[in-house]
Amino acid sequence: MIITLPKFINKNKLNSICKNNKFLTQYFSNNNNINNSTIIYTNINNKNYNNNHFLNINNKNNINNFLNNNNNFNYSKNFLTTTINNNNNNNNNKKLKMEELIKLNFPKSVEEYKKQSEELMETYDKGLKEIIEIPKEKRTFANTFEATDKLDVKFRNIESSLTFLANASTDEKVRDVANEVEATLSKYSIATSMREDLYQAYVDCCKQNNDFKDSDLSKEQLRYVSKTLEGFEKNGLQLPKEKREKLKEIMTKISDNSIKFSKNIADDKTKLSFSMEQLNGIPKETIESFEKDESKPGNYFISLKYPDVIPTMKYCTVAETRKAVEFANGSKCIKENTPILEETCKLRFEAAQLLGFKDWASYKSNYLMVKSNDNIQSFEERMRNLLTPHAITEYDRLKQLKKKIYLEKGGNPETYDDHYYSYDNAFYNNVMLVQDYQVDNNLVKEYFPFDVVIKGIFDCYQELLNVKFTEVPAHQAWHEEVKMYSCVDTADSNKLLGHFYIDLFPREGKYSHAAVWPLIPGYERADGEKQYPVAAMLCNFTKPTPTTPSLLTHDEVVTFFHEFGHVMHNMSTKVHYSMFSGTSVERDFVECPSQLFEFWCWNKDVLINKLSGHYKDHSKKLPTDLVERMIAAKNLNVAIFYLRQIQLALFDNAIHSGNPANFTNTADLYHRIATDVALNPNQKGTNPGCSFGHLLGGYDAQYYSYLYSECFSASIFEIFDKHGVMNKELGARLRNQVLAVGGSQPSSETIENFLGSKPNEAAFLKTIGL
């Protein structure tokens, strides 16, 4: 290790400690080393210097306490790097090279992708072979289960390097080959998860050790054992060989379909050309951000990316334009993805039945907090019944507003079309917001320039969670707009927690929604081996124009806060095994922390003093009366919003439940549910399910979890609301009791530990004014 010593260290005491703990080499750079020196200790029992550990001590008492505990130097199998810097602990974390901290290494050429993926699978196979060949009587948790986790870490790190850029690279060839490699590695992982010899090794290990009943394994280690076995059983290891082979074939096809489905959405290049007259009502600066149609002077293209679609649907006064854009958006990838979606639904049903479940929703829910599909359907129906009467009233008011505006413009009441269309909703909701609450989103966004918002959001997280972010050179950045930050723990001598990327503006070929990728899992084992987490946040916020900086809508600010909650879930991890790192929790809990942080975007003080500053003069904050009106309008037409969430959840549940008829005409099914549940059907001829990325992106039969986990986040926020949203003591509890534990314990236990009781739906209903 490398230690820079302050003056007051006792040299003899240090020598004694080193001698007692068998550090075999000491080097003092000069005779005055006690004042300013570098001391190197090398544990030559270990030739692998990949494992590193930082210890930051910033005062005399801490150093003396550290030195008095000889066990602090007892790292018999690890090379220990320790830096003590009395003046600037921030510099401590720079002692390791970036590649050692980040553990990502994107291939430098298309050819390297396939070569590295083949090497990865070969290396992993060799590692598994060593584990499998251990004699039954010599099996231990360490040489079987923990050895697997160490293999998995190396596999996952390289896998992220080989597959992530499918979502972000500017080079179509890189995106394509990364998708191909993802498909290859996915097939390999499916096959590995069904290896009978590997499963038997784990079973033998448990039998040899009496199922670890009388062992000294920790709760997390016991959970690692149970989750490892559960993973194999979820993949059919209990089935006869013939059925296992059939299941492998099905799961491989599902994986291929999922990759194709997502790629089709990301690669969509649909653009519609409109004249200025057809874009009437859309703010000038927004139109300036649209691509010009050079073939039609004066026309602009509307793509199907969020920053184009949302302002068009919200502000355009021309109903035919809104109709055309919504139709195109609802038809996105309809030709390519309809057969993929419907085939995948059939395959999932087959797989579930092979595994002994009624349907895919029953299979997935069995391993989640909700426990059963019956409970999902009961929850959805309960919320639907509660919201529907309120939504009917809200729609009546919107219909009246639409008619009033029509008549005010001189329309003939005899020929008035009394229908309220799906492409009317965003527009008239915004008109109502302006008329009833005097909230003009075009004015509001002037107070949310990107640079002010990102600083404000960072400040909120830093203050609340006792962390600090520092921009660092973006390690192997894939685009000039990509930024990287380090995250350190200000409550613990600025110890490094991890790193994260942000890539926040739309471009062709990039993932088209908002999400966070946990690229590198974080963990610290009992023996000191440590890996720092790395996450990447991809969004599609409003880009700058030639005349204005990026001005975010309040909705985009909420999205930023939400997604960054996933980043901090990953940065905060303090688990011993990579399986449980960060957001590796039950799917119906994973959104809870992020949904919790959305509440900060509705706090008066946070909005005014932290998040806002006019783009022409950052000292000018959102006016207090405007903020008060925004907060008052928070639940405007809230029942309609949540009924749409329930509509999406019910569609997801229907195509994954036991009625095969739902697998053959998803367009009609979507339209029927939109009509019956959301009370506002999509246009005929569309199928929004074909661009509903969640269905084949990890939320299959689990979309209910967004609403379900809001009950948890609302219950947590009640405590912050009572004691202060920037309460540091609560922030520390949140970080340590919720974010840090990841999946190392059941999420039901996590939420109850923080609340001191079970969560309930009452808190959620209160937040939406019902």
Task: Leu341 and Thr344, any side-chain heavy atoms less than 4.5 Å apart - done: no

Open item on the list: Check the orientation of Phe663 and Phe349. Use parallel for under 30°, tilted for 30 to 60°, and perpendicular for over 60°.
Closed with: tilted

Task: Closest approach of Leu739 to Pro593 (non-hydrogen atoms, all atoms of both residues) - done: CD2-CB, 3.7 Å

- [ ] Please name all residues satisfying side-chain hydrogen bond (donor to acceptor under 3.5 Å, both in side chains) with Arg139, sequence neighbours left out, ordered by chain then number.
- [x] Thr144

Task: Worked verdict on Phe500 versus Trp517 for ring pair (Phe, Tyr, Trp, His ring centres under 6.0 Å) - done: CA-CA 10 Å; Phe500 60 87; Trp517 277 256; over 10 Å; no

Open item on the list: Taking the side chain as everything from C-beta on, heavy atoms only, tell me whether Tyr188 gets closer than 4.5 Å to Asp125.
Closed with: yes

Task: Salt bridge present between Lys248 and Glu245 (N-O < 4.0 angstrom) - done: yes

TODO: Apply side chain to side chain contact (heavy atoms under 4.5 Å, CB included) to the pair Asp374 and Ser378, showing each step before the final yes or no.
DONE: CA-CA 6 Å; Asp374 287 344; Ser378 174; over 6 Å; no

Open item on the list: Between Arg735 and Asp489, does any NZ, NE, NH1 or NH2 come within less than 4.0 Å of an OD or OE carboxylate oxygen?
Closed with: yes

Task: Distance-only polar pair, side chains of Thr666 and Asn687, donor-acceptor under 3.5 Å - done: yes

TODO: Evaluate the criterion side chain to side chain contact (heavy atoms under 4.5 Å, CB included) for residue pair Asn179 and Glu182; output intermediate values, then yes/no.
DONE: CA-CA 5 Å; Asn179 272 311; Glu182 183 177 0; 3.9 Å; yes

Open item on the list: Are Leu497 and Tyr532 packed together at the side-chain level, in the sense that at least one heavy-atom pair is separated by less than 4.5 angstrom?
Closed with: no

TODO: Write down the atom of Val225, the atom of Phe212, and the distance for their closest heavy-atom approach.
DONE: CG2-CE1, 4.1 Å

Task: Basic-acidic side-chain contact under 4.0 Å: Asp267, Lys263 - done: yes

Open item on the list: Run the side chain to side chain contact (heavy atoms under 4.5 Å, CB included) test on Phe379 and Cys711 for me, step by step, so that the C-alpha distance in whole Å, both residues' side-chain angles and the decisive distance to 0.1 Å come before the verdict.
Closed with: CA-CA 11 Å; Phe379 171 75; Cys711 296; 4.3 Å; yes

Open item on the list: Between Asp204 and Gln200, do the side chains contain a donor N or O and an acceptor N or O under 3.5 Å apart?
Closed with: yes

TODO: State, yes or no, whether a side-chain contact exists between Lys332 and Cys690 at a heavy-atom distance under 4.5 Å.
DONE: no

Task: salt bridge (Lys or Arg N to Asp or Glu O under 4.0 Å) involving Glu133 - partner list, sequence neighbours excluded - done: Lys129

Task: Donor-acceptor side-chain pairing of Ser744 and Tyr224 below 3.5 angstrom - done: no

Task: Straight-line distance of Leu347 CG to Trp360 CH2, nearest 0.5 Å - done: 9.5 Å

Open item on the list: Could you measure the distance from the OH atom of Tyr708 to the CE atom of Met369? Nearest 0.5 Å is fine.
Closed with: 5.5 Å

Open item on the list: For the CD atom of Glu350 and the CD1 atom of Ile254, what is their distance to the nearest 0.5 Å?
Closed with: 9.0 Å

Open item on the list: Between Ser747 and Glu586, is there a side-chain donor-acceptor contact under 3.5 Å, judged purely by atom types and distance?
Closed with: yes

Open item on the list: Checking Glu180 now: which residues fulfil side-chain hydrogen bond (donor to acceptor under 3.5 Å, both in side chains) with it, not counting sequence neighbours?
Closed with: Lys114

Open item on the list: Any donor-acceptor pair under 3.5 Å linking the side-chain atoms of Ser594 with those of His566?
Closed with: yes

Open item on the list: Quick check: do Cys206 and Lys213 have side-chain heavy atoms less than 4.5 Å from each other?
Closed with: no

Open item on the list: Rounded at 0.5 Å granularity, tell me how far NE2 in His576 sits from NZ in Lys530.
Closed with: 10.5 Å

- [ ] Indicate the atoms forming the closest heavy-atom contact of Ile250 with Ala351, along with that distance.
- [x] CG2-CB, 3.9 Å

TODO: Would you tell me whether Ser709 and Gln595 have side-chain atoms, one donor and one acceptor, within less than 3.5 Å of each other?
DONE: yes

- [ ] Would you indicate whether the side-chain heavy atoms of Asp588 and Gln702 approach each other to under 4.5 Å?
- [x] no

Open item on the list: Working to the nearest 0.5 angstrom, can you tell me the gap between Glu710 CD and Tyr706 OH?
Closed with: 11.0 Å

Open item on the list: We want to know whether Asp171 and Trp478 form a side-chain donor-acceptor pair, criterion being a heavy-atom distance below 3.5 angstrom.
Closed with: no

TODO: Assess the side chains of Asn653 and Gln377: does a donor N or O sit below 3.5 Å from an acceptor N or O?
DONE: yes

Task: Polar side chain donor-acceptor pair, Tyr199 to Glu233, under 3.5 angstrom - done: yes

TODO: Answer whether the closest heavy-atom distance between the side chains of Tyr202 and Thr148 falls below 4.5 Å.
DONE: yes

Open item on the list: Using a 3.5 Å distance criterion without hydrogens, assess whether the side chain of Arg587 forms a donor-acceptor pair with backbone atoms of Gly698.
Closed with: yes

Open item on the list: Hydrogens and angles aside, do Glu146 and Tyr577 bring a side-chain donor and acceptor to less than 3.5 Å of each other?
Closed with: yes

Open item on the list: Testing the basics here: between Leu165 and Arg175, what is the closest heavy-atom pair and its distance to 0.1 Å?
Closed with: O-CG, 3.7 Å

TODO: Please test Tyr523 against Ser578 for side chain to side chain contact (heavy atoms under 4.5 Å, CB included), starting from the C-alpha separation and ending with a verdict.
DONE: CA-CA 6 Å; Tyr523 63 86; Ser578 65; 4.1 Å; yes

Task: Residues Asp197 and Arg195 bridged, charged N to O under 4.0 Å - done: yes

Open item on the list: Check the orientation of Phe692 and Phe651. Use parallel for under 30°, tilted for 30 to 60°, and perpendicular for over 60°.
Closed with: parallel

Task: Inter-residue atom distance Tyr699.OH - Ser705.OG, 0.5 Å rounding - done: 5.5 Å

Task: Side chains of Ser365 and Asn373, donor plus acceptor under 3.5 Å - done: no

Task: Charged N-O contact under 4.0 Å between Glu196 and Arg244 - done: yes

Task: Full working for side-chain hydrogen bond (donor to acceptor under 3.5 Å, both in side chains) between Gln531 and Asn157 - done: CA-CA 10 Å; Gln531 178 168 280; Asn157 292 351; 2.8 Å; yes

Task: Where Ile340 and Asn257 come nearest, the two heavy atoms and their spacing - done: CG2-O, 3.5 Å

Task: Closest contact, heavy atoms only, Leu368 versus Tyr704 - done: CD1-OH, 3.5 Å

Task: pair Asp152-Tyr124: side-chain heavy atoms closer than 4.5 Å - done: yes

- [ ] Look at Asp359 together with Arg348 and state whether they make a salt bridge at an N to O cut-off of under 4.0 Å.
- [x] no

Open item on the list: What I want to find out is whether Lys227 reaches Glu230 closely enough, with some N-O distance under 4.0 Å, to be called a salt bridge.
Closed with: yes

Task: Side-chain donor-acceptor contact under 3.5 Å, Ser372 with Asn375 - done: yes

